[in-house]
Amino acid sequence: MTIEQQLALLKRGTTEIISEADLKEKLESGRKLRVKLGVDPTARSVTLGWAVVLRKLRDFQRLGHTAVLIIGDFTSLIGDPSGKSKTRPQLTVEEVQANVDSVLTQIDTILDVSKTEIRFNREWLGKMSFEDVIRLTSRYTVARILERDDFTKRLREERPIAMHEILYPLCQGYDSVAVQADVELGGNDQKFNNLVGRNLMAQFGMEPQVVVLSPLLVGTDGKEKMSQSLGNYIGVKDEPNDMFGKAMSIPDEIMENYFELATDVPMDEVRTLIASDANPRDIKRRLAREIVALYHSQEAAQSADEYFLSTFSRREQPVDAEPADIPAELGDADINLASLIVGLELAKSNGDAKRLMQSGAVSLDGEKATDPSARFQRSDLVGKVLRIGKHHFRKLS
RNA sequence: GGGUAGAUGCCCGAGUGGCCAAUGGGAACAGACUGUAAAUCUGUCGGCGGGAGCCUACGUAGGUUCGAAUCCUACUCUACCCA
């Protein structure tokens, strides 16, 4: 692959490269570059949004460079203030470890983990003495830290900024020094932190890293950035049908964005597809298939597509609704449907379940069950398909 | 250290002694319509209960009162001004 082709591949799905000329130079050097991505183990699910940068890291990896994945086990004790209007809760050591374990098993669908250098930043940050910290902080000024938009905003809105939060960019920047990064990847919201890394590296007499920024993937709601806490995410470990369904529920306008950031479909093809007069729904089906194929398989994508069409487009009963046992404690007679729904974890409380029934969201074998006071025999329920809302089906047994 | 303002449900925010499980908006959930899109309309939106009703909740802990989100005391936290 020529340098130009490599650059083109690496530029897909990025908003900014600081600077492209530097990146080109580094690629031309023929060296095996050290490409850093820092991850904050605050979430347990790897989402497609997170996958955007992980996939970019994979691109570098496939070009023969060294992927250096930094698990921010130390920095997550601080909590990245990026994009946050509130101080994040600080995690305990146990919570961090649990998250790390879960995250590592998830990213192997994206990266070649065996070839990835995985480092925990406690390795160097945890060893620093207070004197080291003071020396580090003396390299930056308060004004420069406060330039950062999140902080400016919080100051303006008279919201708290805790002292430790302003150390976050320095910690992350110091990671780059410690692992001698050539390139650092990040989401757009990481720009400030990444640039601090460049500055610190220069201060330590190193060649500053190139910063490659990717846009943030919008969540399935089409409004906020995709994040686990907002619940608008697609997880890389989601079941095929679920993943497909979530992909279908995104607004039309963000389809192109999803193709670019979450699939490998060539962009020329995507643009032609979107410009054509094909039914947007079918373009979106293609998108959903691509995504499922990436994290599961072609076959899984195909069957998820079929499931979707029959269940939702043609509104048929799913043939293979998820089986569910009627909890034994409900007894055999006088079964209250609301308790059953709660027992199957399809509603969070009895009141909630009753409300769903009253609003017509609950049906048994296609017949609406709207009366919360109705009682059922176990034998009447077994074998029927319980439907809650549009999405949830359970075959009772 | 001194002063001022403030802390209400997922978020914003109204409420200054009973009519408050708490106005309004957003988010969310459900129904109708659809392409599980968008927009729109409708309903719901602390827990338990078939219901009557009961319980828990307005920063924390006490107190006053027949009765407190509302009054008093102490404490915790936040912002701003002065040092």
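Letters A, B, ... mirror the listed sequences (proteins, then strands); counts begin at 1.
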So if I take every side-chain heavy atom of [X] and compare against [options], which nucleotide ends up nearest?
X	options	result
A/K368	B/rA28, B/rA37, B/rG31	B/rG31
A/N350	B/rC29, B/rA37, B/rC48	B/rC48
A/K284	B/rG49, B/rA30, B/rA37	B/rA37

Would you kindly check if the NZ (Lys) or CZ (Arg) of A/R139 is within the cone defined by 45 degrees around the ring axis of A/F204 and under 6.0 Å from the six-membered ring centre?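 Checked: cation-pi criterion met.
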
Spacing of the [atom1] atoms in [M] and [N] (rounded, Å):
N	M	atom1	value
B/rC29	B/rC45	C1'	8 Å
B/rA22	B/rA74	P	33 Å
B/rC77	B/rU8	C1'	15 Å
B/rC75	B/rG24	P	38 Å

[N] OP1/OP2 closer than 4.0 Å to side-chain N/O of [X]:
X	N	answer
A/K390	B/rA32	no
A/S349	B/rC48	yes
A/R355	B/rG46	no

Have a look at [X] and say if it touches a base, only the backbone sugar-phosphate, or nothing, with a 4.0 Å heavy-atom cut-off.
X	answer
A/R285	nothing
A/K354	base
A/P280	base

Among A/L185, A/L63, A/V183, A/V212, which residue meets the side chain to side chain contact (heavy atoms under 4.5 Å, CB included) test with A/L10?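 Result for side chain to side chain contact (heavy atoms under 4.5 Å, CB included) with A/L10: A/L63.
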
Has A/E239 got more than 12 heavy atoms of other residues, nucleotides or ligands less than 6.0 Å from its CD?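 No, not enclosed.
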
Which heavy atom of A/F151 sits nearest to which heavy atom of A/I161, and what is that distance?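 Here A/F151 and A/I161 meet closest at O-CD1, 3.6 Å.
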
Distance-only, no hydrogens or angles: does the A/D325 side chain make a donor-acceptor pair with backbone N or O of A/P327 under 3.5 Å?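 It does not hold such a pair.
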
I want to confirm an ordering. Mapping A/I388 and A/V342 to their closest nucleotides on RNA chain B, which one lands closer to the 5' end?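 Nearest nucleotide further toward 5': that of A/I388.
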
Mark yes or no for a side-chain to base donor-acceptor pair under 3.5 Å between A/N336 and B/rG50, with no hydrogen or angle criteria applied.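 Check fails, no donor-acceptor contact within cut-off.
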
